[in-house]
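For reference, positions follow the sequence shown, starting with 1. Quick note: numbers below take in every heavy atom, side chains included, and nothing from hydrogens, waters or symmetry partners.
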Amino acid sequence: MLKKSLSIFLTSLLLISTLTGCWNRREVNDLGIAVALGIDKQDDGNYLVSVQLLNPGEVSSAQSTGYDTPVTTYAASGKIIFEALRKLTQQLPNRVYLAHLRMIIIGEEVAREGIYKPIDFLSRDPEMRTDFYVVVTKDNTANEVLNVLTSHEKIPANKLFDSLESSSETWAATGKVQLNELMDDIVSEGTQPILTAVKILGDPDEGKTTENVLTTAPNAILSYDGMAAFRKNKLIGWLNEDESKGLNYIKGNVKNTIVVTEIEDGQVGVEVTNTQCEITPHVKNGNPTIDVKITGKANVADVNTRLDLMNEHIFNEIEEKTNADIKDTIRQAVEKAQNDFESDIFGFGERIHKTDPQKWEKLKKEWADVFPDAAVNITVDIQVKRAGTITDPFHQEISEE
């Protein structure tokens with residue numbers, strides 16, 4: 001019995017000695033916590049890397065005597081991104097910690113040159129999670145974007161993150177793209193990458209100051225502005241708001257949006273919800289035809305004209321014009337991609353790959369040349385079901401003077 005107890009004790013002692021504990025633990029005070037990372041290209045060919053760091057004292061303070069910036073943006077240049085990040089220690093007391101990133105901002109110049117190198121770095125860093133969103137700047141640099149202070153959300157990176165989520169859910173002219181999705185689209189032969197575009201409305205220099213958030217009318221505002229189309233890893237052009245919506249209809253990303261249609265010298269706002277897209281490809285003699293069918297529900301949300309919504313013909317007209325407007329929006333996106341970009345940002349090639357792998361094997365090497373001439377047939381069947389809590393506009397009963 002004594003020998004057995006001694007054996008158990010010695011075994012336990014040996015096991016305890018092998019435990020390492022938190023050998024690589026780092027205290028919060030020893031870290032420069034980055035919430036956004038911006039990547040630009042300079043005239044000399046070097047990368048300019050900007051990081052938006054939290055000011056822990058301001059963020060955690062329960063009381064504030066005034067507006068002290070909750071973040072500070074630092075920047076350094078280097079031949080590669082990793083070098084620039086390490087050079088930031090010349091300005092900071094701590095290493096930059098990237099595990100809490102919310103946004104990656106890629107400068108327009110970097111995007112036009114190619115994003116292989118930035119994406120390679122981001123995918124290699126072991127500290128970095130992949131639940132942040134990637135966007136590209138339009139008409140501004142990433143450094144300028146990260147220097148704009150915002151009022152509604154004190155941490156600008158959170159503002160960009162929340163605004164992207166909200167607009168993609170309720171407006172459908174933007175898209176949430178995370179790092180893994182971007183990498184998959186870059187290496188895919190049957191689809192091309194897309195990223196949401198961000199720009200500064202107003203003066204970037206005035207957006208840096210605290211005065212920008214101490215007024216009801218900020219001098220600089222961060223805003224999303226359509227989407228950026230890529231061919232492989234290079235930016236090749238922009239989709240405007242309507243074209244971006246058309247793209248998202250095809251990709252099945254429209255959960256909720258508004259369609260404004262003209263009826264009887266006025267406008268009717270229709271809220272479109274829960275859309276679905278069915279893509280059916282056909283390949284005959286090497287010539288692809290893509291059938292796109294959009295279905296969903298809709299409600300009349302706003303009436304800016306005198307209409308009798310109890311009239312079945314009026315209701316049918318609203319539905320018919322809503323479907324026509326959506327079809328036109330989708331057609332604009334398809335024509336832009338085929339004629340201007342020659343880039344399959346919809347993933348039609350990937351759908352052919354999934355439905356008919358043998359035909360795709362013969363087609364994939366030539367897909368970049370075949371896609372611009374592919375026939376795309378669009379059918380839209382959005383059913384307008386409700387007219388809100390009232391059937392007719394209340395002003396219909398008011399006599400015009």
Side-chain angles (χ1 to χ4, degrees), residues 103 133-136 138 159-178 181-182 185 191-199 201 221-230 237-262 267-279 290 292-302 318-337 341 343-348 350-351 376 378-386 388:
M103 300 295 302
Y133 293 135
V134 185
V135 297
V136 61
K138 183 179 181 182
K159 184 273 177 193
L160 287 171
F161 185 94
D162 294 341
S163 181
L164 186 57
E165 289 207 320
S166 177
S167 62
S168 64
E169 293 285 332
T170 62
W171 185 233
T174 57
K176 300 181 294 184
V177 179
Q178 296 183 337
E181 299 171 89
L182 180 59
D185 288 346
T191 189
Q192 297 296 327
I194 53 168
L195 290 175
T196 298
V198 62
K199 67 186 299 183
L201 302 179
I221 298 174
L222 297 177
S223 177
Y224 292 115
D225 186 26
M227 302 190 75
F230 286 72
W238 307 101
L239 296 167
N240 64 27
E241 199 168 70
D242 285 341
E243 293 160 351
S244 298
K245 282 189 177 184
L247 167 72
N248 280 323
Y249 276 116
I250 292 179
K251 294 183 77 68
N253 292 335
V254 178
K255 297 180 180 179
N256 191 297
T257 192
I258 302 298
V259 176
V260 180
T261 188
E262 301 285 335
Q267 295 83 34
V268 174
V270 177
E271 181 185 23
V272 179
T273 62
N274 300 321
T275 69
Q276 295 180 329
C277 179
E278 180 182 346
I279 299 175
I290 312 295
V292 176
K293 183 177 181 180
I294 308 296
T295 57
K297 308 296 182 184
N299 311 308
V300 176
D302 191 357
I318 293 173
E319 183 174 282
E320 185 178 311
K321 290 199 172 185
T322 298
N323 285 322
D325 287 346
I326 293 174
K327 183 176 181 178
D328 183 61
T329 297
I330 296 171
R331 175 58 61 190
Q332 289 179 46
V334 171
E335 290 179 353
K336 189 76 167 284
F341 302 153
S343 176
D344 181 10
I345 55 178
F346 309 102
F348 291 151
E350 190 63 33
R351 189 55 59 93
V376 181
I378 304 166
T379 303
V380 180
D381 183 19
I382 301 294
Q383 299 179 7
V384 181
K385 292 293 187 180
R386 295 190 297 272

- prompt: Do NZ/NE/NH1/NH2 and the carboxylate oxygens of Lys293 and Glu278 come within less than 4.0 Å?
  reply: no

- prompt: Going through the checks in order, is the side-chain contact (heavy atoms from CB on, under 4.5 Å) test met by Val376 and Phe348?
  reply: CA-CA 10 Å; Val376 181; Phe348 291 151; 4.0 Å; yes

- prompt: Under 4.5 Å between any side-chain heavy atoms of Glu262 and Lys321, yes or no?
  reply: no

Ala172 versus Asn248, closest heavy-atom pair with distance: O-ND2, 2.9 Å

message: For the CD atom on Glu320, are there more than 12 heavy atoms of other groups (residues, nucleotides or ligands in this structure) within a distance under 6.0 Å?
response: no

query: With side chains defined as the heavy atoms from C-beta onward, is the minimum distance between Ile326 and Val272 less than 4.5 Å?
result: yes

- request: Output the distance between atom NZ (Lys327) and atom OG1 (Thr322), rounded to the nearest 0.5 Å.
  value: 14.5 Å

- request: Heavy atoms only: give me the nearest Ile194-Leu247 pair and the separation to one decimal.
  value: CD1-CD2, 3.4 Å

field: Stepwise side-chain contact (heavy atoms from CB on, under 4.5 Å) check, Gln192 with Asp185
entry: CA-CA 5 Å; Gln192 297 296 327; Asp185 288 346; over 6 Å; no

task: Return the minimal non-hydrogen interatomic distance between Ala173 and Met227, and the atom names on each side.
output: O-CG, 3.8 Å

message: For Lys385, is there an ion pair with Glu319 - N to carboxylate O distance below 4.0 angstrom?
response: no

- prompt: Tell me, do Tyr249 and Cys277 make a side-chain contact under 4.5 Å, heavy atoms counted?
  reply: no

query: If you measure from NZ on Lys255 to CG on Asn274, what distance do you get to the nearest 0.5 Å?
result: 9.5 Å

message: Testing the 3.5 Å rule here: is there a donor-acceptor pair between the side chains of Glu241 and Trp171?
response: yes

query: With no hydrogens and no angle check, is any side-chain donor or acceptor of Ser166 less than 3.5 Å from a backbone partner on Asp162?
result: no

message: Heavy-atom count check: over 12 atoms from other residues, nucleotides or ligands less than 6.0 Å from Lys199 NZ?
response: yes

statement: Smallest heavy-atom separation, Val136 atom then Ala228 atom, equals CG1-CB, 3.4 Å

query: Taking the side chain from Glu350 and the backbone from Gly347, do they hold a donor-acceptor pair closer than 3.5 Å?
result: no

query: Within a strict 4.5 Å, meaning less than it, do heavy atoms of the Leu239 and Phe341 side chains meet?
result: yes

- request: For the residue pair Lys245 and Thr257, confirm or rule out a side-chain donor-acceptor distance under 3.5 Å.
  value: yes

- request: Walk me through it: do Val135 and Tyr224 pass the test side-chain contact (heavy atoms from CB on, under 4.5 Å)?
  value: CA-CA 9 Å; Val135 297; Tyr224 292 115; 4.1 Å; yes

query: Can you tell if the side chain of Asp225 reaches within under 4.5 Å of the side chain of Val198, non-hydrogen atoms only?
result: no

- line: Heavy atoms of Lys251 and Ile345 approach each other most closely as NZ-O, 3.5 Å

statement: Rounding to 0.5 Å, atoms OG1 (Thr295) and CD (Gln276) come to a distance of 5.0 Å

message: Checking side-chain polar atoms at under 3.5 Å, does Ser167 have a donor or acceptor matched by the opposite partner on Thr174?
response: yes

- prompt: Rounded to the nearest 0.5 Å, how far does OG of Ser343 lie from NZ of Lys336?
  reply: 12.5 Å

query: side-chain hydrogen bond (donor to acceptor under 3.5 Å, both in side chains) between Thr329 and Asp242: does it pass, once the steps are laid out?
result: CA-CA 6 Å; Thr329 297; Asp242 285 341; 5.1 Å; no

task: Answer yes or no: is there a side-chain heavy-atom contact under 4.5 Å between Ile250 and Val334?
output: yes

- prompt: Hey, is the main chain of Ile382 close enough, under 3.5 Å, to the side chain of Asn323 for a donor-acceptor pair?
  reply: yes

- request: Kindly indicate, with the supporting measurements, whether the criterion side-chain contact (heavy atoms from CB on, under 4.5 Å) is fulfilled by Ile294 and Asp381.
  value: CA-CA 6 Å; Ile294 308 296; Asp381 183 19; over 6 Å; no

query: Mind checking whether Ile318 and Val300 have side chains closer than 4.5 Å, heavy atoms only?
result: yes

message: Can you see whether Asn256 engages Glu169 through a side-chain donor-acceptor pair at a distance of less than 3.5 angstrom?
response: no

query: Are any of the side-chain heavy atoms of Leu182 and Leu195 separated by less than 4.5 Å?
result: yes

message: Nearest 0.5 Å, please: how far is CZ in Phe161 from NZ in Lys176?
response: 8.0 Å

Test item: Ser168 side-chain N/O and Gly175 main-chain N/O as donor-acceptor pair under 3.5 Å: no

query: Taking atom CD of Glu165 and atom OH of Tyr133, what is their separation to the nearest 0.5 Å?
result: 3.5 Å

query: Is a donor on one side and an acceptor on the other found under 3.5 Å between the side chain of Glu181 and the backbone of Gln178?
result: yes

